[in-house]
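Have a look at the structure below before the remarks.
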Amino acid sequence: MNRNLILRGLLVLVVVGTCSFWAFPLADKIQLGLDLRGGIHLLLEVLTDDALRAEAQKDIDSLVQELDEKGVSGVTGATESPVRFRLTGVPPDRDELLPDILEETMPYWTWRRTGEDVIFDRRPDEVNNIREQAINQALQTIRNRVDEFGVAEPVIQRQGLGSNRLVVQLPGVDDPERVKNLIKNTAFLEFRLGVYPPAAGVPAVDTQEILSQYGGTLPDHLEIVPQDERDADGNVIGQVYYALEKRPVITGRDLKTARAGLGQFQEPVVNFSLTHEGAQIFEDWTGANIGNPLAIVLDGRVQSAPTVEGRISDSGIIRGQFTQQEVEDLATVLRSGALPAGIEYLEQRAVGPSLGQDSIEQGTRAFGYGIALVLVAMLVVYRGSGINAMVALGLNFVLVFGVLAYFGAALTLPGIAGLILTIGMAVDANVLVFERIREELHNGRTVKASVVSGFGKAWSSILDANLTTLIAAIFLINFGTGAIRGFAVTLTVGILASVFTAVFNSRLLFDLLLSRSGRVERLSI
Amino acid sequence: MEFFRDTSFDFMRLRRVCLGLSTVAVVAALGFIFSRPLNLGIDFASGTQMIVQFAEPPDVQKVRGLLEDAGIESASIQSFGTEEDNSVILRTSTADDGGEERTVRIEEMLQQHYNSGVSGFDLNRQGTEALASLLLEADPDDQRASGDDIAAREHYRAASAEVMAHRRDEGLIKDWSAVQPGEALSAAAVAAIRERATFGNFAVLSSDNVLPQIGSELRRKGLLAIAFALAGILAYIWFRFELRFGIGALAALAHDVAVCLGLFAFAGYEFNLTTVAAFLTVIGYSVNDSVVVFDRVRENLRRNRRESLVQVLNRSLNQTLSRTALTSGTTLLAVGSLFILGGDVIRGFSFLLLIGVLVGTYSSIYVASPIVLIWESSFGRERRQKRAAAA
């Protein structure tokens, strides 16, 4: 055997060995896509305008306050767009106050007077900053929440640079609605002083009952907040009302930790502890308000309104008519931090595990039959050389699975289809070569010459034929989302692998056969 | 075994008949495509698609009526999978604009009508995590006594996963025999589930929701992908072959795309993202087939300059016939088993591949080469020389 053969043999062995190492055992090394494994794919948009409006509102409030302190009262402000707000009630002769205030605390606004009003525009670079921050914070918050959910290998990432879209993929998760709610949950928690009903009193059955307490109009510092009444199954059956102080004592931001736990009647509750700062405020406030009701408000709904029985410093319990699942989600959301902006689900795909299971079974069956039929056809048509094609086909799959596993590309249902298609195409290169060899043999050449010239002449066709398909497949990879990309990847890798196995490996097998015993008279083809 | 040894079919004799047939086919296909809108899947049309399995064979008409009553118009409902699957696939467009909540609305509607007697925790609608929470609350295995809720939750999550594994195999839990004690699931836990949970009469196997902005984005991207792929393949052919062969391959390609799209639309399959993938593959395959023939033509032209183009084409087609038949044959075997066994989810996809291979094989013989001949006789070198001589 000559050196050249040995080297080529080694190369094939190394390539195949490496790929087998990457690929086997298949069950552990090949990742299944969401469509096969079941799971949830979400494409969501962070409504960064929300964050801009919220920031603008904060600045309006502090501007109004500063102006008030400098003797300009009665000023009102309203956002006109996410990046613009309008102040009304600033007399033109007091305009000189504005540059100072802006420069000191909010240099990112430019202002101009239009008649009675002053218009403020946020500088574009600062607009971008806030949007970026909102997206990064949303990404982090969602990551925290999903991590709590115990998902193996979640994908949570931005869809491209500078985009305000996030992709969330949770393989194996079978509660799509719960996950969607968990991710989207704002869980805005406030602790507020209850004014009506008084301590241990019965909440009002309608808002009228409260209004009548105050002679028809509610004082400015109060607000009416509803509470849901639930039946034993947790369904909402009605509402009752409280009058609460508008200003919260502490909010969810002051929480350090939150955990699901059990209350004194073995009912699900959330245990929380406060940050150092929050604890100080809470301790002072509870100390001064013993005997008063403390309303726990979540997303604008009173959960419970216990009476303060003593000074509370750094930890407490949130009680309500919660189910176990609700306290778990609430604890998770409180712990993960608040979302800086609202979220909209642009695209949602949830595949249950049973559908995925069916797809796997059907895909594997089609794959098995396809491969068997093709192999039989090759053996019938090419006899001995058909074995060569079989080897090539087998190696082809080792290479494809190896490369898929190496790059961590997931196998999807269209991906399996791509593999099946590859079976057909992979033998094409072999067919092109074998047909050429046959022709050369018919033309009366020796076996050796036929093999050499068969491979030589088929090469150009193999190249052209595979490159055209490859071009289509590569555009698909770039275009593709999820499952399609899976198809394009398996097809691309399959084409490359089939060229390698058919041209390199088949040639090697023929050469080995020919080098074995001086002169080969007949070739089984 | 050799099927086509030294054949000498006169393929080109049939060129007028076949070109005529192909023209009719293309015109018919185009007419069909433009006469009514394509059946766009939710990837492109946007909207909601759900696959729902029922405990009893579902009445498609009834489900449609329910959706209409719920204000969800223009829903399409078809049975899905085999008969014993008891499943339907339902699709709604975005016209009724339920936004991201539409899936919830449809589920609520189904809940009202199919689970009217069912209340409480529904094993067929809730997931693993929810069942784990339920078990944690009931705490049948006394896991919370230690005070370590995280470990307790892990314990019940494993138990819950075991119950849900049945749903994975069956799609739907129909009776309590599916919930049996197992490795992680204690007898006490089974008792707790039986006491607290129930099973409804349907399960949502998959639900997709696509908002209009994503639908239009995917449409644009899909068209771009096809356009770029076509341009790339054309550029390659232009680079590798003379103009006349490029024209031939292009004609075959256009023929294949039109005929396949027409047949696809005629069969009524849904046009979605995976279909685009199949289309691009058909494009690649169509060109692939033509290119192998032209490769041979080029080689024969170089070797024998005295033969007429018709003779060269015929000879090349005969020489490659065996390969064409075999490659198409093996690909058909593979794609055919995909079409028959691959299941409903990718039926449209495999249908397109199947007809793509058939049409592509036909066109590489009866469209690509005849067009080369026609091009040559109208604009070719000989013709030009004759004209020049006459002038």
Side-chain angles (χ1 to χ4, degrees), chain A residues 43 149 174-178 233 260-261 268 324-325 328 344-355 357-359 362-363 365-366 369-370 373-374 377 380-381 413-414 417 420-421 423-425 427-428 431-432 435 460-461 464-465 467-469 471-472 475-476 479 483-484 487-488 491, chain B residues 1 51 100 104 119-120 126-130 133-134 136-137 149 164 167-168 171 205-211 213-214 221 225 228-229 232-233 236 240 273-274 277 280-281 283-285 287-288 291-292 295 322-323 326-327 329-331 333-335 337-338 341-343 345-346 349-350 353:
Chain A
L43 176 64
F149 212 68
D174 53 5
D175 315 47
E177 290 308 321
R178 185 180 182 189
D233 282 339
Q324 177 66 27
Q325 188 175 325
E328 283 170 9
E344 186 179 27
Y345 290 112
L346 299 179
E347 188 183 349
Q348 164 218 322
R349 287 164 193 272
V351 182
S354 72
L355 200 62
Q357 183 90 348
D358 287 351
S359 293
Q362 288 163 338
R365 200 143 35 105
Y369 277 95
L373 287 172
V374 170
V380 167
V381 176
L413 184 57
I420 294 172
L421 189 64
I423 306 173
M425 315 259 276
V427 294
D428 182 43
V431 169
L432 281 168
E435 286 299 320
S460 141
S461 292
D464 286 333
L467 265 175
T468 49
T469 312
I471 291 172
F475 278 108
L476 257 186
F479 155 69
I484 306 306
F487 169 77
L491 191 60
Chain B
M1 196 185 294
I51 299 175
E100 57 179 63
V104 180
S119 72
Q126 303 276 356
T128 313
E129 297 288 326
S133 299
L134 186 85
L136 184 63
E137 194 171 3
D149 258 18
M164 289 299 163
R167 225 175 73 188
R168 188 181 63 220
L205 302 188
S206 86
S207 74
D208 295 332
N209 201 12
V210 178
L211 259 51
Q213 64 257 52
I214 298 300
K221 276 183 167 177
F228 275 120
I233 290 174
Y236 182 76
R240 284 282 290 176
L273 272 178
T274 47
L280 284 180
T281 316
I283 289 172
Y285 189 87
V287 178
N288 171 328
V291 157
V292 170
D295 241 18
S322 179
R323 174 267 166 188
L326 197 53
T327 297
T330 53
T331 312
L333 286 177
V335 175
S337 65
L338 186 67
L341 303 168
V345 178
I346 51 170
F349 176 90
S350 41
L353 288 179

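Each chain gets a letter, A, B and so on, in the order its sequence line appears, and its residues count up from 1. Computation of the quantities below employed the complete heavy-atom set of this structure, encompassing side-chain atoms and omitting hydrogens, waters and symmetry-equivalent molecules.
At a 4.5 Å heavy-atom cutoff, the contact between B/Thr281 and chain A is made by side-chain atoms alone. Residue contact with chain B, scored on non-hydrogen atoms closer than 4.5 Å, involves the side chain of A/Pro268 exclusively. Using a 4.5 Å cut-off between heavy atoms, A/Val427 touches chain B through its side chain atoms alone. Both the backbone and the side chain of B/Glu129 have a heavy atom closer than 4.5 Å to some heavy atom of chain A. Both the backbone and the side chain of A/Arg365 come within less than 4.5 Å of a heavy atom in chain B. In this structure, no portion of B/Ile283 lies under 4.5 Å from any heavy atom of chain A. Contacts between B/Leu333 and chain A at a heavy-atom distance below 4.5 Å involve backbone atoms as well as side-chain atoms. Of the atoms belonging to A/Glu435, it is side-chain heavy atoms, and not backbone ones, that fall under 4.5 Å from chain B. With a threshold of 4.5 angstrom between heavy atoms, A/Ala417 approaches chain B through its backbone and through its side chain.
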Report the C-alpha separation of A/Leu413 and B/Thr274 in whole Å, then their side-chain angles, then the decisive distance to 0.1 Å, and conclude whether the side chain to side chain contact (heavy atoms under 4.5 Å, CB included) test is met. CA-CA 10 Å; A/Leu413 184 57; B/Thr274 47; over 6 Å; no
Apply the test side chain to side chain contact (heavy atoms under 4.5 Å, CB included) to residues B/Ser207 and A/Gln348: give CA-CA distance (whole Å), side-chain angles for both, the deciding distance (0.1 Å), then the verdict. CA-CA 8 Å; B/Ser207 74; A/Gln348 164 218 322; 3.2 Å; yes
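B/Asn288 contributes atom CG, which lies 5.0 Å from atom OG1 of A/Thr468 (distance to the nearest 0.5 angstrom).
When all heavy atoms of A/Phe475 and B/Ala229 are compared, the pair lying nearest together is CD1-CA, 3.5 Å. When all heavy atoms of A/Tyr369 and B/Leu341 are compared, the closest pair comes out as CD1-CD1, 3.3 Å. For B/Leu211 against A/Tyr345, the heavy-atom pair with the smallest separation is CD2-O, 3.5 Å. The nearest pair of heavy atoms linking B/Arg240 to A/Ser460 is NH2-OG, 3.7 Å. Residues B/Ser206 and A/Leu355 share a closest heavy-atom pair of CB-CD2, 3.7 Å. Here the closest non-hydrogen pair linking A/Thr469 and B/Gly284 is OG1-O, 3.7 Å.
Taking the six-membered ring for Trp and thresholds of 30 and 60 degrees, A/Phe487 and B/Phe349 have ring planes more than 60 degrees apart, a perpendicular arrangement.
The backbone N or O of B/Thr327 sits nowhere less than 3.5 Å from a side-chain atom of A/Asp428 that would complete a donor-acceptor pair. Checked by atom type and distance alone, the side chain of A/Asp175 pairs as donor or acceptor with a backbone atom of B/Ala130 at under 3.5 Å.
Counting heavy-atom pairs closer than 4.5 Å to chain B, the top-ranked of the candidates A/Leu43, A/Leu491, A/Leu467 is A/Leu467. Between chain A and the options B/Ile51, B/Val287, B/Thr128, B/Leu353, heavy-atom pairs under 4.5 Å are most frequent for B/Thr128. No other option in B/Val291, B/Ile233, B/Ile214, B/Thr331 has as many heavy-atom pairs under 4.5 Å with chain A as B/Ile214. The candidate with the highest count of non-hydrogen atom pairs below 4.5 Å against chain B, out of A/Gly261, A/Gly370, A/Ser461, A/Ala350, is A/Ala350. Counting heavy-atom pairs under 4.5 Å between each of B/Gly329, B/Ser133, B/Gly171, B/Ala225 and chain A puts B/Ser133 at the top.
Within the 4.5 Å cutoff, side-chain heavy atoms of B/Leu136 are placed close to those of A/Glu328.
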